[in-house]
Structures are given as C-alpha cells and as structure tokens.
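Each remark here refers to the structure printed beneath this line.
Index from 1, following the sequence. Atoms within each ligand, like the ligands themselves, are counted from 1 in listed order.
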Amino acid sequence: MRKQIAAANWKMNLSLPQAEELIIALLETDHSLNDHQLAIFAVPFPYIIPVKQMLDGRQNIFVAAQNCSANKNGAYTGETSAEMLQSIGLKYVLIGHSERREYNHETNAELAKKVNIAMEHQLQPIFCCGEPLQIREAGTQNSYVETQLKESLFHLPAEQISGFVVAYEPIWAIGTGKTASSGQAQEMHAHIRTVLATQYGNEIADGITILYGGSVKAANALEIFGQPDVDGGLVGGASLVATEFAAIINSLKK
Ligand code: PGA
C-alpha cells in the first residue's frame with residue numbers, strides 16, 4: 001500500500017514557545033501511526049532543529065522544510081539550500097506551495113530546478129499543485145494541473161518519481177474554509193494518477209502518494225481521506241490545533 005500522510009503546514013505562524021507547546025500537546029493526544037502512515041511537520045526554518053529534537057526517536061514522524069532554494073549555494077542572501085536541509089537530517093521539503101507561487105513568483109520551470117536539487121540531496125519533495133478559482137470556474141482545472149506536473153516533474157526518470165509525494169491543493173479552498181467536496185478531490189486525484197500513469201506506467205502511478213490540501217479539518221478528514229485516490233492531507237490552519245491534527249492523523253486510511 002502506498003504511504004498515507006498527514007502533513008502539517010504551519011506556514012509563518014507561532015513563536016518558538018508556542019511551537020513547543022503544540023508539539024507537546026500533540027504528543028499527549030491519542031494518535032497512532034501504522035507502518036504505512038506518516039505524520040510530517042513542515043515548520044518555519046528556525047524551528048526545524050528544535051522540533052526535530054522533540055520528535056527524535058518517534059516512529060513515522062518527520063519534520064519538513066517549507067521551501068528550499070533552486071540554487072546550490074553562494075550569494076543568495078536569505079535563502080536556504082537543499083544541502084543545508086540534508087545536513088541537518090531532513091528527509092522532506094514542500095516545493096511549489098501556491099503561496100510561494102503567488103507571492104514569490106515561483107514558476108513551473110523554477111520548481112523543476114528545486115525538485116532536482118532536493119532530490120540530489122535525498123530530500124523527498126512534497127510537490128504542491130492546484131488551480132486558482134478562475135480556472136476552476138472555467139472548467140479547465142485538469143489541464144492546468146497537468147501542465148504543472150509536466151513542467152516541474154516529468155523530466156524525472158521513473159526511479160526518481162517512484163514513491164513520490166504530490167499535494168493537490170485547489171487555491172480556492174486554501175484557508176478559506178471552503179473545502180473541495182470529497183467528489184471533487186477524488187476526481188482530480190484520479191486525474192493526477194492517470195496523468196502520472198500515462199507518463200510512468202500504472203505501477204509507478206499506483207505507488208505515488210497524492211495528498212489533498214485546502215481547509216482539511218477533523219470534521220471532514222475522514223470523508224476526504226476515504227476517497228480511493230486520496231492518500232492523506234496537507235493541512236494548514238487545523239494543524240495549529242493539537243486535537244484537530246491528532247484527529248486528522250487518526251483519519252488516515254488504515
Ligand atoms: P489550509 O491550508 O488547511 O489552512 O487551507 C492548506 C495549505 O495551504 O497547505
């Protein structure tokens with residue numbers, strides 16, 4: 001069975017004491033992860049090391065960065081390289097979140113470079129894709145998302161895409177409280193898997209984890225994660241509340 005993942009995206013939230021409090025509270029909640037389930041915390045850069053230390057030794061729980069530079073190293077003030085993330089023992093990095101695409105003008109081509117440099121440093125990208133509202137209203141979301149995948153991922157050879165993690169996040173559902181229906185999520189996830197299968201074959205496509213993101217919360221996680229092509233979620237707002245995120249972890253497919 002492909003990996004089922006509950007990924008928290010804290011975005012630019014919390015002080016260090018608040019972050020520590022959240023992790024402590026979460027560890028005290030009743031949650032469990034089996035062999036094919038993971039919880040991943042994408043935390044702000046300054047908290048990666050302390051949160052990682054707090055989670056050390058926990059089975060199937062990982063820390064991720066929310067971004068990395070497309071460049072290897074050098075004069076890029078304010079940037080963080082994949083090599084640095086690897087050197088502190090990270091295994092995952094978010095790439096191409098819609099907020100970075102929008103506010104930092106990250107293009108599909110630049111994201112392809114980030115994917116490459118992450119993989120060169122044994123970091124598994126959690127590659128985010130998803131359409132804005134006007135594309136959904138025009139009904140062209142399938143080809144829009146397909147282009148995002150093609151331009152940023154399809155240069156990868158089969159062995160690198162194998163076991164990959166994609167997060168589908170319709171922009172109109174992020175932080176808006178307006179979740180895609182479980183039917184809309186399933187439809188797009190199935191489309192993404194078909195697109196991956198066309199390029200890489202059924203076996204590889206079946207092994208790729210596709211997360212849904214956009215206003216996932218305890219109250220809707222079970223229904224969304226219950227869809228056959230939805231393999232968990234990338235969770236913003238609700239990941240900042242320990243009991244909510246614990247319930248989301250417990251909603252992963254068994
Ligand atoms: P949200 O954010 O859960 O607050 O909608 C999801 C995300 O942006 O990853």
Side-chain angles (χ1 to χ4, degrees), residues 3-14 18-19 22 26 31 38-45 47-48 51 62-68 90 92-106 111 114-115 118 124-133 135-136 141 144-145 148-149 152 164-182 184-186 188-189 192 209-227 230-252:
K3 284 193 170 43
Q4 305 292 304
I5 301 177
N9 177 9
W10 286 2
K11 308 191 180 184
M12 196 172 73
N13 290 299
L14 309 175
Q18 288 170 331
L22 177 56
L26 201 96
H31 65 272
L38 305 180
I40 299 178
F41 293 87
V43 306
F45 285 114
Y47 308 157
I48 291 176
V51 170
F62 296 90
V63 178
Q66 297 176 8
N67 177 41
C68 70
L90 281 206
Y92 292 92
V93 59
L94 297 188
I95 290 186
H97 189 281
S98 60
E99 286 150 17
R100 296 208 54 89
R101 290 175 187 262
E102 182 178 354
Y103 307 133
N104 300 81
H105 314 291
E106 295 187 354
L111 296 174
K114 291 194 179 200
V115 165
Q124 172 59 59
I126 298 175
F127 179 78
C128 305
C129 57
E131 80 286 356
L133 184 61
I135 295 289
R136 172 62 63 162
Q141 65 272 13
Y144 186 91
V145 169
Q148 289 179 320
L149 297 172
S152 301
F164 216 82
V165 184
V166 172
Y168 167 61
E169 300 200 303
I171 297 170
W172 44 272
I174 294 179
T176 57
K178 194 177 162 196
T179 324
S181 68
S182 53
Q184 284 172 319
Q186 168 56 25
M188 178 59 86
H189 283 229
I192 291 172
T209 294
I210 309 177
L211 309 180
Y212 168 79
S215 301
V216 172
K217 45 186 187 277
N220 59 26
L222 200 60
E223 185 184 339
I224 297 173
F225 297 175
Q227 300 302 309
V230 179
D231 308 312
L234 179 56
V235 186
S239 74
L240 300 172
V241 181
T243 49
E244 278 282 310
F245 195 62
I248 290 167
I249 292 175
N250 290 333
S251 301
L252 290 171

Inset, instruction - Could you tell me how the ring of Trp10 sits relative to the ring of Phe41: parallel (under 30°), tilted (30 to 60°) or perpendicular (over 60°)? - result: perpendicular

Legend entry - Ion pair check, Lys217 and Glu244, cut-off under 4.0 Å: no

Legend entry - Member of Arg100, Arg101, His97 meeting the side chain to side chain donor-acceptor pair (under 3.5 Å) criterion with Glu106: Arg100

Inset, instruction - Verify side chain to side chain contact (heavy atoms under 4.5 Å, CB included) between Lys11 and Leu240, making sure each step is shown before the conclusion. - result: CA-CA 10 Å; Lys11 308 191 180 184; Leu240 300 172; over 6 Å; no

Legend entry - Spacing of Ser239 atom OG and Ile40 atom CD1 [to the nearest 0.5 Å]: 12.5 Å

Legend entry - Residue contacts for ligand 1, heavy atom to ligand atom, distance under 4.0 Å: Asn9, Lys11, His97, Glu169, Ala173, Ile174, Gly175, Gly214, Ser215, Leu234, Val235, Gly236, Gly237

Legend entry - Check against side chain to side chain contact (heavy atoms under 4.5 Å, CB included), Asn220 and Tyr212: CA-CA 12 Å; Asn220 59 26; Tyr212 168 79; over 6 Å; no

